[in-house]
**Q** 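Before anything else, here's the structure in question.
We number each residue from 1, following the sequence as shown.
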Amino acid sequence: MACGNYIRLLGENKYPLYVAIVMMLLFMCNQASRYILVATNVQMANEMHFGEKECRSSQVLSDETHGNEDMKCGSNPELCDAGNESADCEWYYTGTGYEYQLLAGPLFNIIFSFTGVPIGIVLERNQNNRKNVISLCAVLWSSMVVLGGLATKYWHLAVTRLGIAFFEAAFSAFAVSLIGSYFPTELRAMAMSIFMWGVYFGYSLAFVMKLVTNVMGWRQAYFMTGVPGILIGLLCYCTVTEPAVEHLEKSSIGRNGSQHKKNTTTSKTMPKLAPAPLFNSLYIALILTAAIRCGGRYVFSYNIHNYMNYAYPGYPVENFLSWIPALTGVFGSLVGGVASDRIATHGGRGFTGRILVVVISTVSMGGVVSDRIATHGERGFTG
């Protein structure tokens, strides 16, 4: 597809672009709500006393300087026990350990994963109220984040994480379906790349909240993460509409510049699905690939802050992770989306072209990850 035709198609889809941007903003709030735990875990752990702990000098806790007093406390943890307050030693909770991993992993992902299956079935049966479901879920998961900012015990945090996972599970399926209904094939990958910007903006926003935590405390960071999600959810309810039937028929630009109609409701243009997709080799491959990719992403995302604290104590990682994921992620997502559209339509490769883009982008990261593991992995960090 020529660049001019591509830009013209974008101009003809102004309201669909608005819908994609609103979905992206909600996705940003979705991801920030998920990863705010990463930016606040140390402060929460020291207030609620959960996870792994170290005996440190109280002077180190306030001034972040290392000295003989800290070495004395570390080598004699009994000085931190009750009755030894005169030793100027106290327990410091690192924000790591099984309690943290439980909040980051099972309490969220199990609910999130298994809730998605029945939600998908509901979506297949009824697509008339997608924006209502999206708006409601955004308000509810954001409200759970605000409630998390009021937590005073570990189990309070656990309950709010369960709630966030439950209400976030519906969002992606309904948002992707809504965007797909608004955009023609020629622009669909680009629209999805805009939607995926929310992942990178949201993760960076979580580390912006780390800066807020350093100044104002972790509770304010939770409030500032949850309230925008409520407001944008209400904006979605008031301004986003379900596409009319005619929006499912889009003009397609041929290689010679001529236009022809594509009716997405006819059996000629809709691929026939296998009667048992779980036994479809392509479907299984996509599931395994997604599992590996998401597993690696979650391990990295939830533990990079803890790793940096362990390997490089005192390094202000939030000064960089508050903008680098957003900048590089937006660029990579946009390039990948446009490339996928061009390979699938102009290149004539169809869905195999889109899969090719996914494979290239995934394999290209292997060298970076393996190099980091080889460089620092021997230190034995466990999170």
Side-chain angles (χ1 to χ4, degrees), residues 15-40 107-109 111-120 122-123 126-151 157 159-183 191-206 208-209 212 220-243 301 326 329 333:
Y15 183 74
L17 277 175
Y18 170 77
V19 173
I21 291 172
V22 171
M23 295 300 108
M24 181 271 291
L25 292 175
L26 285 175
F27 205 13
M28 176 186 70
C29 296
N30 177 296
Q31 296 295 296
S33 299
R34 186 178 307 184
Y35 292 116
I36 186 65
L37 175 70
V38 179
T40 59
L107 282 177
F108 185 92
N109 290 322
I111 297 296
F112 185 86
S113 300
F114 285 98
T115 305
V117 175
I119 287 174
V122 172
L123 177 60
N126 185 4
Q127 297 189 6
N128 296 325
N129 298 304
R130 289 172 294 186
K131 69 105 174 182
N132 295 339
V133 174
I134 291 170
S135 302
L136 178 62
C137 287
V139 171
L140 291 175
W141 89 56
S142 300
S143 298
M144 297 303 294
V145 175
V146 173
L147 289 176
L150 301 174
L157 288 175
V159 171
T160 58
R161 287 291 290 180
L162 290 172
I164 293 172
F166 182 81
F167 295 120
E168 283 190 358
F171 171 73
S172 296
F174 280 81
V176 168
S177 174
L178 185 62
I179 292 173
S181 297
Y182 265 112
F183 284 89
M192 288 305 305
S193 72
I194 293 177
F195 173 66
M196 292 303 296
W197 289 355
V199 174
Y200 312 107
F201 285 137
Y203 191 66
S204 291
L205 182 59
V208 172
M209 291 300 107
V212 172
Q220 285 70 25
Y222 265 73
F223 299 149
M224 293 175 66
T225 301
V227 171
I230 296 174
L231 297 178
I232 299 175
L234 294 176
L235 176 69
C236 175
Y237 179 79
C238 295
T239 62
V240 172
T241 62
E242 289 288 336
S301 299
S333 179

**Q** Look only at the side chain of S135 and the backbone of N132, and say whether a donor-acceptor pair between them is shorter than 3.5 Å.
**A** no
**Q** So which heavy atom on I134 is nearest to which on M23, and how close?
**A** CD1-SD, 3.8 Å
**Q** Looking at every heavy atom in both Y182 and T241, which two are closest together, and how far apart are they?
**A** OH-O, 2.5 Å
**Q** Can you give me the closest heavy-atom contact between L26 and I232, atom names plus distance?
**A** CD2-CG2, 3.4 Å
**Q** For side-chain contact (heavy atoms from CB on, under 4.5 Å), just list the numbers for L178 and V240, CA-CA rounded to whole Å, side-chain angles, deciding distance to a tenth of an Å, and then say yes or no.
**A** CA-CA 10 Å; L178 185 62; V240 172; 4.0 Å; yes
**Q** What pair of heavy atoms forms the shortest contact from A170 to V133, and how long is it?
**A** CB-CG1, 4.4 Å
**Q** Please check: side-chain N/O of S204 versus main-chain N/O of A326, any donor-acceptor pairing under 3.5 Å?
**A** yes
**Q** Per the salt bridge (charged side-chain N to carboxylate O under 4.0 Å, His left out) rule, what does the pair list look like for residues 133-149, sequence neighbours excluded?
**A** none
**Q** Atom OG of S172 and atom CG of N30: how far apart are they, to the nearest 0.5 Å?
**A** 5.5 Å
**Q** With sequence neighbours excluded, what pairs up with F201 under the ring pair (Phe, Tyr, Trp, His ring centres under 6.0 Å) test?
**A** none
**Q** Kindly give the heavy-atom pair with the smallest separation between A206 and A39, and that separation in Å.
**A** O-CB, 3.1 Å
**Q** Supply the atom-to-atom distance I230 CD1 to C29 SG, rounded to the nearest 0.5 angstrom.
**A** 10.0 Å
**Q** Contact between L17 and F183 at the side-chain level, heavy atoms closer than 4.5 Å - yes or no?
**A** yes
**Q** Taking only residues at least two apart or on different chains, which pairs with a member in residues 231-240 satisfy side chain to side chain donor-acceptor pair (under 3.5 Å)?
**A** Y18-T239
**Q** Testing the basics here: between Q31 and G202, what is the closest heavy-atom pair and its distance to 0.1 Å?
**A** CB-CA, 3.9 Å
**Q** Check salt bridge (charged side-chain N to carboxylate O under 4.0 Å, His left out) between R34 and all other residues, then give those that pass, not counting sequence neighbours.
**A** E168
**Q** Tell me, please, which residues at least two apart from L162 pass side-chain contact (heavy atoms from CB on, under 4.5 Å).
**A** L107, I111
**Q** The criterion is side-chain contact (heavy atoms from CB on, under 4.5 Å); which residues satisfy it with V212, sequence neighbours excluded?
**A** M209, M216, A221, M224
**Q** Just wondering, are more than 12 heavy atoms of other shown residues or ligands nearer than 6.0 Å to CZ in F223?
**A** yes
**Q** Using 4.0 Å as the upper bound for N to carboxylate O, is an ion pair formed by K131 and E242?
**A** no
**Q** Partners of F27 by ring pair (Phe, Tyr, Trp, His ring centres under 6.0 Å), sequence neighbours excluded?
**A** F171, F195
**Q** Atom CG in L37, atom CD1 in I164: separation rounded to 0.5 Å?
**A** 9.0 Å
**Q** I'd like to check the ring pair (Phe, Tyr, Trp, His ring centres under 6.0 Å) partners of Y35; sequence neighbours left out, ordered by chain and number.
**A** Y203, Y302
**Q** Show which side-chain atoms of residues 137-151 pair as donor or acceptor with protein atoms under 3.5 Å away, not counting sequence neighbours.
**A**
| residue | atom | partner | partner atom | Å |
| --- | --- | --- | --- | --- |
| W141 | NE1 | S33 | OG | 3.4 |
| S142 | OG | A138 | O | 2.8 |
| S143 | OG | V139 | O | 2.6 |

